Amino acid sequence: MKRRIWSCKARFCYAQNSAIQKPTLSAPFTSTAATASLTKSDGWDSTWLDASCILQDKDLLKKGGPDSKTGIYVLDLIESCALEPDRALFTNLIKKCTNLKRLKEGRLVHAHLMSCFREDLVMNNNILNMYAKCGSMEEAQKVFEEMPVTDTVSWTALITGYTQSGLLEDAVVLFPEMLRADVKPNEFTLSSLLKASGTRHNNGFGRQLHGYCLKHGYILNVYVGSALVDMYARWENIKDAESIFNGLVSKNEVSWNALIAGHARKGEGELALSLFSRMLRKDFKPTPFTYSSIFGSLSSTGFLEQGKWVHAHMIKSGSQLVGFVGNTLLDMYAKSGSIEDAEKVFSRMLKLDLVSWNSLLKGYAQHGRGSDTLELFKRMLSIGVNPSDVTFLAILTACSHVGCVQEGEYYFQLMKTYAVEPQVSHYVTMVDLFGRAGLLDQAERFIQNMPIEPNMAVWGALLGACRMHKNLELGAYAAQRIFELDSNDSGPHMLLSNIYASAGRWDDVANVRSMMRVNQVKKEPAISWVEIKNCVHSFVANDDIHPQREEIQKMWEKVSTKIKEVGYVPDSSQVLFYSNQQEKEERLQVHSEKIAFAFALLNTPPGSTIRIKKNIRICPDCHSAFKFASKIMGRDIILRDTNRFHHFQDGSCSCGDYW
DNA sequence: TTTGGTAGTT
């Protein structure tokens, strides 16, 4: 044994001072099954482990440090262990393989040394856990079945493995089996099972578990408590999640994060933020998970100022820009219309992954910055990052917004080169690309040649293009296809109605309206949000209870008079607020974004950028009006609707003159 | 002497 260890050290020193060399197979292993797996082409390299990780020897660790180039061959260690089975060394090897998720090495260790410890329950649990953590549940299950004795830890390791592999049903069936086998679950088992229950649709089992935890006092455990909060939060049952959270005897950051994430997933930015403040007041330190949830929740409704405040807090607290936090922060800035801040985050991130590249690409594309999108894409390819379906969606969106039809077709074909299968969203974007450019026949042909069944979004893109280019016949045809798929969606009804209205065909408008009444189609109310002094204000078109109603109306009249003076004649009403029910029903278009804009003009200093968000597409009239307003009032207006960002600046819009 | 809970770009 001593000699063997010495030989390990010798090789370690050698490896440290020279390039790593492939060792030759040592004699004791040539006849084993494990050797076969090693002779595969990729077998050798992956069997190198960091000496600093595999060895517990402190002196060696100091010499080598966490340097991945300093290698030692795991077989040497196994060899030394096999000659004189050493329980501690074997445990260490297995634990290292588990932590590093090195399945191949784990199998080797298992194959060579397990025969010495077959009856050892703890050792069996270690092996079982190694397979489970490495994601090989078949092997984990096999180890479990062959174990002479099992205990709570064995069952828990198996349950956790299934949960973490996403095999939730396999995890939950083990609970009753475990009880039948007369093995008692502990707080480890229960937190894992609760995690599995949170992502299942069936709530019954989770509630049973909740009852079990209450009955046996596990609710006092912080892991179980947090898992319970998380489970209810994932079921979107925030009320119960909150009441469990409030009743928890011991809380930690994870308990807070679970609840904050619950609000974030529901898009409740303000509630997530108020919990964040409460967390700080109670002296809990936010973690990367907290920041990630908060940034995610603030990206959806344009709470830019609050987002910046949390970002500043993160910098001040000295928290590192961990990968996934950087990505959500980048995405928040991009979605809030502040692409410059998104660029800054991107350039300062320590490690960029595919998501980082995709997020900035999507941000550029949605802001109509076509050439930036394509340049970034080329940079991404040049450093060897493999594009995904999301990447191509951003590229096609950029081409569509800038009107580059040929480039769009080229990149659509390029997807094959990278073995990326086009999804229905890519087809939608291609139809949008052709349609926007006025190539309606080509768009229709493209739909007919699609290898997958076109859905409502595909026909919707064509209908939108028909609205843009005033093509009544094709528009009616596209609308008909949509109504066949779903006759209750208000969007296509409104689009079709607008197509007829712009052509002055009022009888057809009336027909669409009556069809909506017959089909009981309810129009989603148009809402616009504007953020002023850290507060988000929302407006609907018939917002007749607003305290500043009269001032807003006067401000808009002032703006629209000026717009008319420069020669623009709007094609719909300038009235912001309906005076009665009849008037409300008669109007075709609502202008909540105009109210938001007028309100922002009243409440912000000249020169500041006005950021508006709308829950449906901006109407052509408002689009034109905002272009003029940006010039006349000397304001930048960034409006985000369901489709894209519209950056109105000095009389033009970043998304091109498509209306 | 081994097992657990929080984030997620389209």
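Letters A, B, ... are given to chains in the order of the sequence lines, protein chains preceding strands, and every chain is numbered from 1. Quantities reported herein were computed from a predicted structural model and do not represent experimental measurements.
Residue-to-nucleotide contacts include no donor-acceptor pair under 3.5 Å from the side chain of A:Ser191 to the base of B:dG5. With hydrogens and angles ignored, no donor-acceptor pair under 3.5 angstrom links the side chain of A:Asp331 to the base of B:dT9. Checked by distance alone, A:Asn257 brings no side-chain donor or acceptor within 3.5 Å of a matching partner on the base of B:dG5. Counting distance only, with no hydrogens placed and no angle test, the side-chain atoms of A:Asn126 and the base atoms of B:dT2 include no donor-acceptor pair under 3.5 Å.
Taking the ring centre of A:Phe245 as origin, the terminal cationic atom of A:Lys251 falls inside the region bounded by 6.0 Å and 45° from the ring axis.
In this entry the distance linking CE of A:Met147 with P of B:dT3 reads 13 Å, nearest Å. Going from atom CE of A:Met314 over to atom P of B:dA7 covers 18 Å, rounded to whole Å. Per the geometry, CD belonging to A:Gln164 stands 6 Å off P belonging to B:dG4, to the nearest Å. Rounding to whole angstrom units, CZ of residue A:Arg234 and C1' of B:dG8 are separated by 10 Å.
Between the side chains of A:Ser255 and A:Asn252, at least one donor-acceptor pair of N or O atoms lies under 3.5 Å. No side-chain N or O of A:His311 forms a donor-acceptor pair with one of A:Tyr291 less than 3.5 Å apart.
Remark: ring of A:Phe289 not stacked against base of B:dA7; the cut-offs of centroid gap under 5.5 Å and plane tilt under 30° are not jointly satisfied.
The A:Thr156 side chain lies nearest to B:dT3 when the options are B:dT2, B:dG5, B:dT3.
A salt bridge links A:Lys308 with A:Asp341: the distance from a Lys NZ or Arg NE/NH1/NH2 to an Asp or Glu carboxylate oxygen falls below 4.0 Å.
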